[in-house]
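Everything below concerns the one structure shown next.
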Amino acid sequence: MHANITPAVVEHNGNGQLGSENQATNRSKGPVSVSAFKDLGFLDRYLAVWIFLAMAIGIILGNFVPEMGPTLQRGKFVGVSVPIAVGLLVMMYPILCKVRYEALHKLLSQRGMWKQICFSILVNWILAPFLMLGLAWAFLPDKSDLRIGLILVGLGRCIAMVLIWNGLAGGDDEYCAILVAINSLLQMVLFAPLAVFLIRVIGGEPGTFDISYEVVATSVAVFLGIPLGAAAVTRFVLRAVAGHVWYQRVFLRFVSPWSLIGLLYTILVLFASQGRQVVHQIVSVLRVASPLLVYFLFVFFVTLWVGRLLGFKFSHMVTQSFTAASNNFELAIAVAVATFGPDSDQALASTVGPLIEVPVLIGLVYTVRWMGNRWNWK
């Protein structure tokens, strides 16, 4: 790949190969005028199948191997089980290796970029949390514990899987990395006070409710800070030692497939550790699933529509929509478990989050690619 093709448009195929130069060029201009799926690699094209298989295998293991759940939950790393923590770090590192850190200051100097950042903050920290609060009360007026779990999910702005959804759908990797970093910083500051405000003040939930700032800040710092720092160091060092072309053609080709491998591994482990609880409380799971489904679809399409009205280009509309609709369920689960216990209804509700989010958002990946090609969005 030539040096003038930026990492923002370098995508991986399911077989670990980089996309062709023509595909990369088309992606930088907007959606290509072919099938929404033909330019996806084998692993990417059938990702929905692999995700459902990972979920199914995880739930089967969690229910038919009784010691599976307790074993996976035994070791903890900043409030999250060690196997899940490993999967999250592996999942994020390859994507962050593609970001042009050396050019971020130029992007942030553009006035239009700050307009989009402000729009993203409005959607992520005002619209989304208050919408989840309203949906929790509308669907679960008699289940305060489940409501609390839903509200925690709504407050966790995504810092991991959104990078995968954004890349598959044709979003801007560098812009997505900027929004992830901003949401991570805001998460450390706003998550705890907003949780108390929405749950105890506005929601009027009885009892004492405390969330540790240390739990939130540590979780964000570890699951974003470690892969972000490692990716930045890797990019600067390898490009300086081996050159830009080698970094693009060899290193990224090797490391790219590990993002989706890490995603599938994380999903399998997550449902293996929580699958027994999900199956044995199926009624509660179904009740929590309804507001989550409405939430993901509403936030995504409203953000996409408003972005279109504001004149955002296709790649930025995609990034805005997936950033707004995705949630940091890892943090929500960690906070729920640390605050209320692993067997609480709050933890159950937060665990249902990825059960609904993952298949819905992979469906939205295909949908937005089809829409972009159907109407030739630029």
Side-chain angles (χ1 to χ4, degrees), residues 118-159 162 179 182-184 186-213 215-216 219-220 283-306 320-340 344-357 360-361:
C118 291
F119 174 70
S120 177
I121 292 174
L122 175 68
V123 173
N124 277 276
W125 292 102
I126 296 180
L127 172 63
F130 280 89
L131 173 64
M132 186 67 89
L133 173 67
L135 290 174
W137 273 96
F139 283 86
L140 299 165
D142 57 330
K143 294 288 185 179
S144 62
D145 292 345
L146 295 178
R147 284 200 304 270
I148 291 174
L150 275 179
I151 294 170
L152 292 177
V153 172
L155 283 171
R157 311 320 302 161
C158 195
I159 63 173
V162 64
L179 294 186
I182 290 173
N183 281 331
S184 299
L186 291 175
Q187 207 155 214
M188 287 188 282
V189 176
L190 297 178
F191 189 102
L194 275 178
V196 175
F197 178 70
L198 293 177
I199 295 171
R200 190 165 61 187
V201 178
I202 293 184
E205 302 291 0
T208 302
F209 180 72
D210 293 314
I211 288 182
S212 169
Y213 281 92
V215 170
V216 177
S219 179
V220 174
V283 174
S284 295
V285 169
L286 293 176
R287 293 196 63 183
V288 171
S290 299
L292 283 171
L293 182 62
V294 174
Y295 169 85
F296 292 129
L297 294 176
F298 182 84
V299 171
F300 182 87
F301 284 111
V302 166
T303 306
L304 190 70
W305 174 66
V306 174
Q320 288 280 10
S321 299
F322 279 100
T323 303
S326 302
N327 289 86
N328 187 354
F329 62 80
E330 306 90 0
L331 178 60
I333 292 173
V335 171
V337 169
T339 307
F340 302 102
S344 64
D345 282 350
Q346 291 89 340
L348 173 66
S350 61
T351 302
V352 178
L355 178 67
I356 306 302
E357 176 180 338
V360 168
L361 290 189

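Under the 4.5 Å side-chain criterion, counting only non-hydrogen atoms from C-beta, Val294 is in contact with Phe139.
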Review item, side-chain donor-acceptor pairs of residues 121-135, under 3.5 Å, at least two apart:
{"residue": "Asn124", "atom": "OD1", "partner": "Arg157", "partner atom": "NE", "Å": "3.0"}
{"residue": "Asn124", "atom": "OD1", "partner": "Arg157", "partner atom": "NH2", "Å": "3.3"}
{"residue": "Asn124", "atom": "ND2", "partner": "Ser120", "partner atom": "O", "Å": "2.8"}
{"residue": "Asn124", "atom": "ND2", "partner": "Ser120", "partner atom": "OG", "Å": "3.1"}
{"residue": "Trp125", "atom": "NE1", "partner": "Asn183", "partner atom": "OD1", "Å": "3.1"}

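When all heavy atoms are compared, the tightest approach of Leu361 to Ser326 is CD1-OG, 3.3 Å. Of all heavy-atom pairs spanning Asn327 and Ala325, the tightest one is OD1-O, 3.2 Å. In terms of heavy atoms, Arg147 sits closest to Leu140 at NH1-O, 2.7 Å. Contact between Gly149 and Ala349 at its shortest, heavy atoms only, is CA-CB, 3.8 Å. The two atoms that bring Thr303 and Ala324 nearest to each other are OG1-CB, 3.7 Å, heavy atoms only. Shown here for Ala347 and Ser350, the closest heavy-atom pair between the two residues is O-OG, 2.8 Å.
Although no hydrogens or angles enter the test, the distance criterion places a donor-acceptor pair under 3.5 Å between the side chain of Ser321 and the main chain of Leu304. No side-chain donor-acceptor contact under 3.5 Å links Asp345 to the backbone of Leu146.
When the shell of 6.0 Å around CZ of Phe298 is examined, it contains 12 or fewer heavy atoms from other residues, nucleotides or ligands.
Residue pairs meeting the salt bridge (Lys or Arg N to Asp or Glu O under 4.0 Å) criterion with at least one member in residues 283-299, sequence neighbours excluded, are Asp142-Arg287.
For Phe119, the ring-ring contact (aromatic ring centres under 6.0 Å, His included) test picks out Phe312, with sequence neighbours left out. Under the ring-ring contact (aromatic ring centres under 6.0 Å, His included) criterion, Phe300 pairs with Phe322, sequence neighbours left out.
Atom CG in Asp145 sits 11.5 Å away from atom CG in Leu150 (nearest 0.5 Å).
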